[in-house]
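The next block holds one structure in the form of structure tokens; read it before the comments.
Each chain gets a letter, A, B and so on, in the order the sequences are listed, and its residues count up from 1.
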Protein chains: 2
Amino acid sequence: MKTGRKSGGAVSLATIAEAANVSISTVSRIVNGQTHRASAQTAERVRQAIEELGYQPNQIGRALKQGKTRVVAMLTANLNNPVMSTIASATEAALRDIGYVMTLCDTHDREDLQDEYLQAMRAQAVQGYILVTNIRSPGLAEIVARKEPVVFACRRNPYKPGAFVGIDNLQAGAAAADYLWSHGCREPAVVFPANGSAVTEERVAGFCARMSALGVPASRITKAAAPGNFHLEVGYAAARTLPDGAPWPKGMLCVSDQIAYGVYRCARERNLRIPEDCLIVSIDGSELNSWIAPWLKSIQVPYRDFGLPIVEQLQTIWNGGEPGEVILPFSVD
Amino acid sequence: MKTGRKSGGAVSLATIAEAANVSISTVSRIVNGQTHRASAQTAERVRQAIEELGYQPNQIGRALKQGKTRVVAMLTANLNNPVMSTIASATEAALRDIGYVMTLCDTHDREDLQDEYLQAMRAQAVQGYILVTNIRSPGLAEIVARKEPVVFACRRNPYKPGAFVGIDNLQAGAAAADYLWSHGCREPAVVFPANGSAVTEERVAGFCARMSALGVPASRITKAAAPGNFHLEVGYAAARTLPDGAPWPKGMLCVSDQIAYGVYRCARERNLRIPEDCLIVSIDGSELNSWIAPWLKSIQVPYRDFGLPIVEQLQTIWNGGEPGEVILPFSVD
DNA sequence: CTGAAAGCGCTTACAG
DNA sequence: CTGAAAGCGCTTACAG
């Protein structure tokens, strides 16, 4: 009886087959749970060999044959933003539950990096793409045109309607307006990125529309904006456009938590007390706020709950279905 | 002349070979840059076909043949911790620069999840593992025993010496002691996880040793600890063990930024002013501090610089070398 | 119940 | 300079 194992070689189906004195086909079937297609004896012998030799199926071989890698790529604009890392870890857990692995790429909001990763992931033959806060890019356009399975989170597919998980940003902006209004604020400000995405634009629009409905015309809303991709710096720079010396508006919407943090820094530099001098509302609801940003009122977006619907959308696409939009509820308190 | 492409099939080497009327071998060589091994004409014809048909090499086929996937797995305890996400994004960039892809897994500091991911990554035939803040687990012990390429960051390999990237935690603790001492603190406190890792233990030990050398005996150092994995909550719970009503120590080392945030919450609840009532020093130096935690003095660990040495260690291992420890400098201001 | 064979996409001696 | 062939580890009709 041979040792059943080439020295140095990894443990493969062939190793097990030899050890258990059966064909590769038989081992394969048993490994894949088609245990009833073999005699109890054979199955047992194979199981023993697997146990003894510590066999684990090589997914590369499997992937090549089946054309399915069980790998999904997530591209995100900035891992250091808690919004992204929360979505990432939630999605990863949901994928793991269905036996998939997630590869995570940080595009730094750069078109060239987004395309580079898209291409690298394609070369890895991933089975799907998840774009969290995408930007337009030739590579993305191509992926969409090729009808690859792709789900968008936070920001919609910029090229055509399709799978999306997010919140109603207009409503979130409106909720911020309600909150400030109910706290007596009649001349609010709104802080946002000058060259912002649809997301921030909608939040601003929803805010202004609701304020208007409440009797506060757009002319009485101070707009503070600044260019840039990184919201911390955008918030800071935007706040600095408010006249120094003059009092700030009594209430303010910052379109993201990070923007609010940036504004806070500026407020500190100007010796303003938050929230006494200016009530700041933002949208995101990062977990960290309750620990170190108690001065911030942040509308909670359930990013942790994005994972499941994202994966469900992916499955819908894989099954040939037509994915739609999943709009999750935010909460104000 | 045929169309050169099976309908529905993906573009493979064979597609290109047929289109350019050469053998698969030839296309393969050209794709891999062995362009001098073909005539200029042939090379040109192949290049054209590749261009026209949009061919991209399938890494799965390549991986199966070569036994190299160009994928590396990173396992991290908690993606939501900025420390981890910073290391992750830095490492990913460094890997990308050498043509590798990184898969990121969040173990939530759980032994079972760590092992599950280790196994999944092995099945994906990754070429190496990077463990950021590992914990002991049977699967990890096995990986180490099998001598798989593995690099540890922050926490050392618990099973034997080897590749490691981190800082000198004893010295960092000592630096914190110096800082508090130089600010007049003679009866400090130290806050840490009760069942902490070697990292936090060393920081505490370094702190106490230096304090002792400065003439502050261990008996005059208040120890506040609490169990748990999540430092925010650990810090909060530990701070609550300090007697309410009584004044806090004038200075305090929190072994991580997150611990400090937890302590801060408790301080707020007790109407203490930070840093006026208690000067808090921590170790990590997260970027966010300057924005929303100006009250915190944090010793900076250059997590962003971990990426390169981590990748270099991996390369050393791949090349059969003996990796050592890379100890990076922290900075106090 | 079981096995031989083809083939997924690629690389790599080897032969010409 | 170029191609035929073997083989990486797996799955899957197909035949017995």
Among A:Thr133, A:Ile135, A:Asn134, A:Thr76, the one residue meeting side-chain contact (heavy atoms from CB on, under 4.5 Å) with A:Asp109: A:Ile135

Residue from A:Ile87, A:Leu131, A:Val301 passing side-chain contact (heavy atoms from CB on, under 4.5 Å) with A:Cys154: A:Ile87

Side chain to side chain donor-acceptor pair (under 3.5 Å) evaluation trace for B:Tyr117 with A:Arg96: CA-CA 9 Å; B:Tyr117 277 123; A:Arg96 179 165 40 76; 2.7 Å; yes

Please report, rounded to the nearest Å, how far the [atom2] atom of [N] is from the [atom1] atom of [X].
X: B:Ile24; N: C:dG7; atom1: CD1; atom2: P; result: 13 Å
X: A:Gln41; N: C:dT2; atom1: CD; atom2: C1'; result: 14 Å
X: A:Gln34; N: D:dT12; atom1: CD; atom2: P; result: 8 Å
X: A:Ile30; N: D:dT11; atom1: CD1; atom2: C1'; result: 15 Å
X: B:Arg70; N: C:dC10; atom1: CZ; atom2: C1'; result: 14 Å
X: B:Leu13; N: D:dT2; atom1: CG; atom2: C1'; result: 15 Å
X: B:Gln56; N: C:dC10; atom1: CD; atom2: C1'; result: 15 Å
X: B:Gln124; N: D:dC8; atom1: CD; atom2: P; result: 21 Å

Between [options], which one does the side chain of [X] approach most closely?
X: A:Tyr55; options: D:dC10, C:dA4, D:dG3; result: D:dC10
X: A:Arg29; options: C:dC1, C:dG3, D:dA5; result: C:dG3
X: B:Asn58; options: C:dT11, D:dT11, C:dC10; result: C:dC10

In terms of side-chain geometry, is the basic nitrogen of [X] or [Y] positioned less than 4.0 Å from the acidic oxygen of its partner?
X: B:Arg156; Y: B:Glu325; answer: yes
X: A:Glu111; Y: A:Arg136; answer: no
X: A:Glu52; Y: A:Arg47; answer: no

Non-hydrogen side-chain atoms of B:Met74 and B:Cys105 separated by less than 4.5 Å: no

Base-paired stems in DNA chain D, each at least three Watson-Crick or G-U pairs under 3.5 Å: C:1-3 with D:14-16, C:5-12 with D:5-12, C:14-16 with D:1-3

Under 4.0 Å between a side-chain N/O of [X] and OP1 or OP2 of [N], yes or no?
X: B:Ser28; N: C:dG9; result: no
X: A:Thr42; N: C:dC1; result: no
X: A:Thr26; N: C:dG3; result: yes

Close residues, residues 60-69 of chain A, relative to DNA chain D [heavy-atom separation under 4.0 Å]: A:Gly61, A:Arg62, A:Leu64, A:Lys65, A:Gln66

For A:Val150 against A:Ala163, the heavy-atom pair lying closest together: O-CB, 3.7 Å

Heavy-atom closest pair, residues A:Pro158 and A:Phe152: CD-CE2, 3.9 Å

5' priority, DNA chain C, between A:Ala40 and B:Ser25 [closest heavy atom]: A:Ala40

Intermediate values then yes/no, salt bridge (Lys or Arg N to Asp or Glu O under 4.0 Å), B:Arg146 and B:Glu142: CA-CA 6 Å; B:Arg146 267 205 317 271; B:Glu142 197 189 320; 2.7 Å; yes

Touch class at under 4.0 angstrom, heavy-atom based, for B:Val31 against every strand present: nothing

